[in-house]
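Computed from heavy atoms alone, side chains included, the values below leave out hydrogens, waters and symmetry copies. Convention: sequence-line order gives letters A, B, ...; per-chain numbering from 1.
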There are 2 protein chains.
Amino acid sequence: MVQLHDARFDTTFAALSDATRRGVLEQLGRSDASITALAERFQMTLTGMKKHIGVLEQAGLVQTEKVGRVRTCRLGSSRLEQEAEWMEHYRRLWDARFNELDKVVEELKRRENSDE
Amino acid sequence: MVQLHDARFDTTFAALSDATRRGVLEQLGRSDASITALAERFQMTLTGMKKHIGVLEQAGLVQTEKVGRVRTCRLGSSRLEQEAEWMEHYRRLWDARFNELDKVVEELKRRENSDE
DNA sequence: TCTATACTGAACCATATGGTTCAGTTACAT
DNA sequence: ATGTAACTGAACCATATGGTTCAGTATAGA
């Protein structure tokens with residue numbers, strides 16, 4: 001049931017398609033951070049960063065918790081496992097196609113040889 | 001020089017964030033195909049499919065060649081190697097954070113025990 | 001109690017995206 | 001020579017995205 005994962009993949013890959021958001025993930029890998037801290041680090045308004053965090057949260061890549069007036073962001077529960085798997089799958093497809101081409105080339109060589 | 005890869009990552013992940021395009025990659029993993037064939041398979045106008053192919057081509061995931069009046073699409077040269085690497089990197093960050101939390105939890109338990 | 005900080009939400013803006021239709025152009029088949 | 005098939009490009013449309021400003025609300029600190 002590949003279809004079932006489609007929506008999730010859409011949102012995860014879309015979340016990863018922005019350099020700022022990938023930067024935020026890197027940062028959160030080093031230490032948790034407030035929205036303000038992240039906004040400063042990436043030279044952006046609070047509101048702008050909040051939106052990015054929203055996207056990352058939606059994709060399960062980040063979790064946040066508000067205590068007092070500061071909302072702390074940390075890495076979320078999605079470890080991109082299925083996405084990494086998908087990439088592996090794609091690579092196998094690629095290899096399959098590649099090997100097929102190799103066979104064709106070999107076949108051509110064989111014919112050339114028998115023609116000589 | 002992480003920045004150098006940023007633009008490429010942007011376009012690759014964006015290309016992968018659409019279910020139709022991922023479907024096209026799957027299909028091309030099985031066999032090369034014309035734009036018309038792909039458009040039919042994914043129930044879409046020729047023009048629509050052409051745009052998707054354009055996006056995939058831009059990301060290096062697909063290559064095309066026009067012979068006569070049909071343009072044949074096949075898997076491209078990008079094997080998502082750097083992207084897979086990036087995901088691994090992210091995972092290591094995640095693990096690092098996770099282990100850190102584990103230590104904190106252990107530390108808390110130790111204190112609890114010494115309090116008893 | 002007053003003030004500054006940290007966030008939130010609505011509204012706005014420019015540009016991008018995913019799709020369409022319509023009007024070509026080129027190439028194959030009769 | 002002509003019709004049809006395969007693609008291409010321009011124009012259009014609705015919605016999404018990445019950002020902003022501005023006007024709040026809620027909390028921490030003096």
Tell me which nucleotide among C/dG18, D/dA6, D/dG19 gets nearest to the side chain of B/Asp18.
C/dG18
Take a 6.0 Å sphere around CD of A/Gln43 and say whether it holds more than 12 heavy atoms from other residues, nucleotides or ligands.
no
Nucleotide C/dT20, atom C1' - distance to CD of B/Gln43 in whole Å:
15 Å
Note: for B/Ala37 and A/Thr45 on DNA chain D, the residue whose nearest nucleotide lies more 5' is B/Ala37
Would you call A/Arg74-A/Glu65 a salt bridge at under 4.0 Å N-O?
yes
Nearest whole angstrom, please: distance from the P of C/dT25 to the NZ of B/Lys66.
13 Å
Distance in angstrom units between A/Met49 CE and C/dA6 P, rounded:
15 Å
Classify the ring geometry of B/Trp86 against B/Phe13: parallel below 30°, tilted from 30° to 60°, perpendicular beyond 60°.
perpendicular
Please pick, from D/dT8, C/dG18, C/dC12, the nucleotide with the shortest atom-to-atom distance to any side-chain atom of B/Arg71.
D/dT8
Can you tell me whether the side chain of A/Thr47 and the base of C/dG9 have a donor-acceptor pair closer than 3.5 Å?
yes
Let me know which of B/Glu81, B/Met87, B/Arg79 forms a side chain to side chain contact (heavy atoms under 4.5 Å, CB included) with A/Met87.
B/Met87
Is there a donor N/O on one and an acceptor N/O on the other, under 3.5 Å, for the side chain of B/Arg69 and the base of D/dA5?
yes
Is B/Gly68 touching bases, backbone alone, or none of the nucleic acid, heavy atoms closer than 4.0 Å?
sugar-phosphate
In this structure, how many angstroms lie between the P atom of C/dC12 and the NZ atom of A/Lys51, rounded?
13 Å
Find the distance A/Leu16:CG to D/dG18:P and express it as a whole number of Å.
12 Å
Taking all atoms of both residues into account, what is the closest heavy-atom pair of A/Phe42 and A/Val24, and its distance?
CZ-N, 3.6 Å
d(CG, B/Asp10; P, C/dT17) in whole Å:
10 Å
Picking from D/dT8, C/dA6, C/dG19, which would you name as closest to the side chain of A/Val70?
C/dA6
Value in whole Å for how far the P atom of C/dG9 lies from CD1 of A/Ile35:
11 Å
Between B/Lys50 and D/dG9, is there a side-chain N or O to OP1/OP2 distance below 4.0 Å?
yes
In whole Å, I'd like the distance from the CE atom of B/Met44 to the P atom of C/dT21.
12 Å
For the side chain of A/Leu46, starting at C-beta, report the closest nucleotide among C/dT20, D/dA6, C/dA6.
C/dA6
